[in-house]
Amino acid sequence: MRTPKVRELGEALRSLFSKPYTVRYPYEPVIAPEAFRGKPKFIDEECIGCGACAQVCPARAIDVRDVVEGRSGVRTMTVHHDHCVFCGQCHRYCTTEEGIILTNEYETGTYDRNLAISSVDKELVVCQECGEVIATVDHLRWVARKLGAKAFGNMGLALLLSKDLGLVAPLTRDPERPLDRGDNISLLCPRCKREVILYEQWGP
Ligand code: SF4
Ligand code: SF4
């Protein structure tokens, strides 16, 4: 019985004169380990605005908001840190793999919940006939890069790539004229494309 008591006394004396094992947070910063799952953050150059992360988020912490004005628009993706459960699903299933990452920032306390966010804006591709959202410009560019030369087999992608190369000017249609086959060479949503094809087959 005496030996353990002496050992404990020795340990107590040693710890009196040695550095503490605990950290002095919040007076000193704590460096989180590399694999730490902290606040998710969008990476603008990698994110294509596809919205897949919002679909897999179990806490519904990611908003996808489209604002369309006329024939153009912007998609804003926002992750709310005060709703996030830091599961990492958004990063795991991100289409480009690095569009959203979990940083090693762990301080989520704030007096204003509206500031507990990370967001990214992406230009939208909108149907030139009805104004329906087709995708984001970056998403279509990403698909085109994956397809390589085959992208020119799709009219929407071909138009986008040609525009990027400065080869085409946007077409404007007289609203009085019904859709016809010529309008296939413009950015149309699937519903309007179908109308063009039906019109082609059966006429006005
Ligand atoms: S690219 Fe990744 S981060 Fe961006 S919207 Fe798609 S899934 Fe989310
Ligand atoms: S870490 Fe999980 S909860 Fe947080 S935004 Fe990503 S998917 Fe949603």
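Just so you know, ligand 1 is whichever comes first in the structure, and atom 1 is the first atom listed for that ligand. Along the sequence shown, residues are numbered consecutively beginning with 1.
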Participant: Flag yes if I101 and V85 sit in one hydrophobic cluster, no otherwise; membership is Ile, Leu, Val, Met, Phe, Trp, Tyr, and two members link when side-chain heavy atoms are under 4.5 Å apart.
Facilitator: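 No, it is not one cluster - the side chains of I101 and V85 are not joined through contacts under 4.5 Å.
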Participant: Can you pull out the closest protein heavy atom to atom 4 (Fe) of ligand 2? Residue, atom name and distance to 0.1 Å, please.
Facilitator: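 Looking at atom 4 (Fe) of ligand 2, the protein heavy atom closest to it is C84 SG, 2.3 Å.
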Participant: Is there a path of hydrophobic side-chain contacts, each under 4.5 Å between heavy atoms, that joins V120 and L124?
Facilitator: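 Looking at the clustering, L124 is in a separate group from V120.
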Participant: What protein N, O or S atoms come within a distance below 2.8 Å of atom 4 (Fe) of ligand 1, ordered by chain and number?
Facilitator: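 C47 SG, with waters left out.
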Participant: Can V137 be reached from V74 by stepping across I, L, V, M, F, W or Y side chains whose heavy atoms are under 4.5 Å apart?
Facilitator: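 No, V74 does not connect to V137 through the hydrophobic network.
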Participant: Grouping I, L, V, M, F, W and Y whenever their side-chain heavy atoms are under 4.5 Å apart, do V125 and V133 come out in a common cluster?
Facilitator: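 Different hydrophobic clusters.
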Participant: Check whether any side-chain heavy atom of L157 lies under 4.5 Å from a side-chain heavy atom of V143, and answer yes or no.
Facilitator: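 L157 reaches V143 side chain to side chain.
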Participant: Which atoms of ligand 2 sit under 4.0 Å from any heavy atom of V79?
Facilitator: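 Selected atoms, number and element: 5 (S).
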Participant: Considering only non-hydrogen protein atoms, determine which one is nearest to atom 6 (Fe) of ligand 2 and report residue, atom name and distance to 0.1 Å.
Facilitator: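 Nearest protein contact, heavy atoms only, for atom 6 (Fe) of ligand 2 is C90 SG, 2.4 Å.
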Participant: Hey, which of E195, K193, E132 is the one that makes side chain to side chain contact (heavy atoms under 4.5 Å, CB included) with L188?
Facilitator: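 The residue from E195, K193, E132 that satisfies side chain to side chain contact (heavy atoms under 4.5 Å, CB included) with L188 turns out to be K193.
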Participant: Counting non-hydrogen protein atoms only, what is the nearest one to atom 3 (S) of ligand 2? Give residue, atom name and distance.
Facilitator: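 That would be V85 N, 3.3 Å.
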Participant: For ligand 2, which atoms have a heavy atom of G88 less than 4.0 angstrom away?
Facilitator: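 Reading through ligand 2 atom by atom, the close ones are 1 (S), 2 (Fe).
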Participant: Using a strict cut-off of 4.0 Å, indicate which atoms of ligand 2 neighbour a heavy atom of P58.
Facilitator: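 Those qualifying, in numeric order: 7 (S).
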Participant: Would you call C192 and C130 a side-chain contact if the rule is heavy atoms closer than 4.5 Å?
Facilitator: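 Contact flag for C192/C130 side chains = yes.
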Participant: Among all the protein's non-hydrogen atoms, which is closest to atom 8 (Fe) of ligand 2, and how far away is it?
Facilitator: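 The answer is C57 SG, 2.3 Å.
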Participant: Pull out every atom of ligand 2 sitting under 4.0 Å from any heavy atom of C87, numbered as shown with elements.
Facilitator: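 Close to C87: 1 (S), 2 (Fe), 3 (S), 7 (S).
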Participant: When rounded to the nearest 0.5 angstrom, what is the spacing between CD in E105 and OG in S118?
Facilitator: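 Output value for this atom pair is 9.5 Å.
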Participant: State whether D164 and R141 are salt-bridged, where the test is any N-O pair (Lys NZ or Arg NE/NH1/NH2 against Asp/Glu carboxylate O) under 4.0 Å.
Facilitator: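 Salt bridge present between D164 and R141.
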Participant: Could you check D44, T136, T76 and say which one makes a side-chain hydrogen bond (donor to acceptor under 3.5 Å, both in side chains) with K122?
Facilitator: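 Result for side-chain hydrogen bond (donor to acceptor under 3.5 Å, both in side chains) with K122: D44.
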Participant: With atoms numbered from 1 as shown, which atoms in ligand 2 lie under 4.0 angstrom from a non-hydrogen atom of F86?
Facilitator: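 Result: 1 (S), 4 (Fe).
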